[in-house]
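Below, chain A is the first sequence line, B the second, and so on; all start at residue 1.
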Amino acid sequence: MSARGETTLWIAQRASAAVLALCVAVHIGVMVYAVQGGLSAAEILARTRGSAGWAAFYGVFVAAVAVHVPIGLRAVAVEWLGWRGRSLGVALHLFAALLLALGLRAVWAVVA
Amino acid sequence: MSVLQVDVWRGREDGRFQRFEVPRAESQTVLDVVTYIQRHLEPALAYRFACRVGMCGSCAMTVNGVARWTCRTHVARVARDGRLEIGPLANLPVIRDLATDMREFFDKWARAQGQFAPTATRRDEPARVAPQSPGRAAADAAIECIGCGVCYASCDVVAWNRDYLGPAALNRAWTLVNDVRDGARGARLRAVAAGAGCHACHTHMSCTERCPKRLSPTASIAGLKRATAAALLKGEL
């Protein structure tokens, strides 16, 4: 890939990693804190449904995953499978789209 | 006098280890062992060396699984139960026995634009570069590489992706990126970022761990990642 392409992917992976570090910390921290007194699925949904804040938070989380994971898989594919070129690019874009779709579907399920 | 059991690689990639018995000597180096074998036991053994004092970088081999300069490695430091295993450097084609073909290693220095591109002529005054300036300090930290190939043989990414430029070529490029007299910064940053360049490094740091000169190619590669990212954001890449 070109110098611009490689460097863009590198920045995208580092930036998405920074977002993920924050999101994972908040996600696990809230989970551990919220279940202290016992919490049912219905009670969780009562808090998340209609919440624009949680929708935005997990929307960003999912977007960061969809950016970060395929770039990492690209290195794995090149180094361990010897897979490179256009077919790899197409496969990784499809995988990114799948992660985004599944993730946003899950966010929709708890906030809508 | 005690005797060392030495397994030495013979042949090409599809070769095998051959056992030799070498008398142990005081202050004996691994290069002394290889030289003893060639002079007394097996005249056809192929290996490389020149200076014997850690200046030329030609005697690097794999000793008990680790890439090292054989001239600066005492047997006492690496022998296990009186045994040594000596092979050619990893990640390079084997010509024969302990001699590797280093063309791809040096071709990658050229691909990473490791050549100085002058901006002045012999009629200009010599450049004045303050030793304390940040660029000079960064170049100083990486400049002492003698091209022995130990880092290249130790690098996991090179083993997995033969297109990867490798620690030595990228370290060299980093010294030139920091040289204020050099006129090819943009082309060099493009050369080290494209394809399997600096961004392919996983920061395993084997190069830094094994470098006999105690340089840190990892730090140089990190510098190139930052420099190429900054150049991209400024629209200069």
Side-chain angles (χ1 to χ4, degrees), chain A residues 1-25 27-28 59-100 103, chain B residues 90-91 108 111-114 152 154-167 169-170 173-174 176-177 184-204 206-207 218 220-237:
Chain A
M1 191 182 280
S2 70
R4 295 179 64 90
E6 292 284 354
T7 309
T8 302
L9 287 182
W10 183 77
I11 292 174
Q13 200 181 25
R14 289 328 185 257
S16 58
V19 172
L20 285 175
L22 190 68
C23 288
V24 169
H27 173 71
I28 292 177
V60 168
F61 198 153
V62 165
V65 167
V67 169
H68 191 82
V69 172
I71 301 174
L73 283 179
R74 174 175 175 263
V76 176
V78 168
E79 292 170 8
W80 289 34
L81 306 177
W83 185 9
R84 52 193 82 194
R86 193 171 171 77
S87 65
L88 176 61
V90 170
L92 290 173
H93 275 97
L94 289 174
F95 190 67
L98 179 71
L99 285 176
L100 194 64
Chain B
N91 294 340
K108 286 176 180 178
R111 208 179 100 206
Q113 305 249 348
Y152 192 81
S154 304
C155 177
D156 292 324
V157 182
V158 173
W160 294 329
N161 183 356
R162 294 310 282 259
D163 292 337
Y164 176 48
L165 286 171
L170 291 169
W174 176 241
L176 291 169
V177 163
R185 182 186 162 91
R188 188 170 296 106
L189 288 180
R190 280 189 290 281
V192 298
C198 61
H199 299 301
C201 168
H202 290 315
T203 322
H204 288 177
S206 301
C207 54
T218 312
S220 299
I221 296 167
L224 288 175
K225 289 173 178 174
R226 288 193 301 273
T228 52
L232 179 77
L233 296 174
K234 285 187 216 155
E236 294 169 359
L237 196 65

So how far is it from [X] [atom1] to [Y] [atom2], rounded to the nearest 0.5 Å?
X        : Y        : atom1 : atom2 : value
B:Leu189 : A:Thr7   : CG    : OG1   : 8.5 Å
A:Glu79  : B:His202 : CD    : NE2   : 3.0 Å
A:Arg14  : B:Arg226 : CZ    : CZ    : 12.0 Å

(message) Under a 4.5 Å cutoff for heavy-atom pairs, which residue among B:Leu237, B:Asn161, B:Val157 has the most contacts with chain A?
(response)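 That would be B:Leu237.
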(request) Flag yes if more than 12 heavy atoms outside B:His204 fall under 6.0 Å of its NE2 atom; otherwise flag no. (result)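 More than 12 within 6.0 Å, yes.
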(message) Show the nearest heavy-atom pair for residues B:Ala193 and A:Ala3, with the distance to one decimal.
(response)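 Scanning both residues, the minimum pair turns out to be CB-CB, 3.7 Å.
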(request) Would you check if A:Val78 and B:Asp163 make a side-chain contact, meaning some heavy-atom pair closer than 4.5 Å? (result)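 Answer no - side chains too far apart.
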(request) Name the region of B:Ala191, side chain, backbone, both or neither, that has any atom closer than 4.5 Å to a heavy atom of chain A. (result)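 Looking at B:Ala191, nothing touches chain A.
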(message) Please classify the contact between A:Ser2 and chain B as side chain, backbone, both or neither, with a heavy-atom cut-off of under 4.5 Å.
(response)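 Contact with chain B: backbone only.
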(request) Would you confirm whether A:Arg4, through its side chain, and B:Leu232, through its main-chain N or O, come within 3.5 Å as a donor-acceptor pair? (result)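 Answer holds: no.
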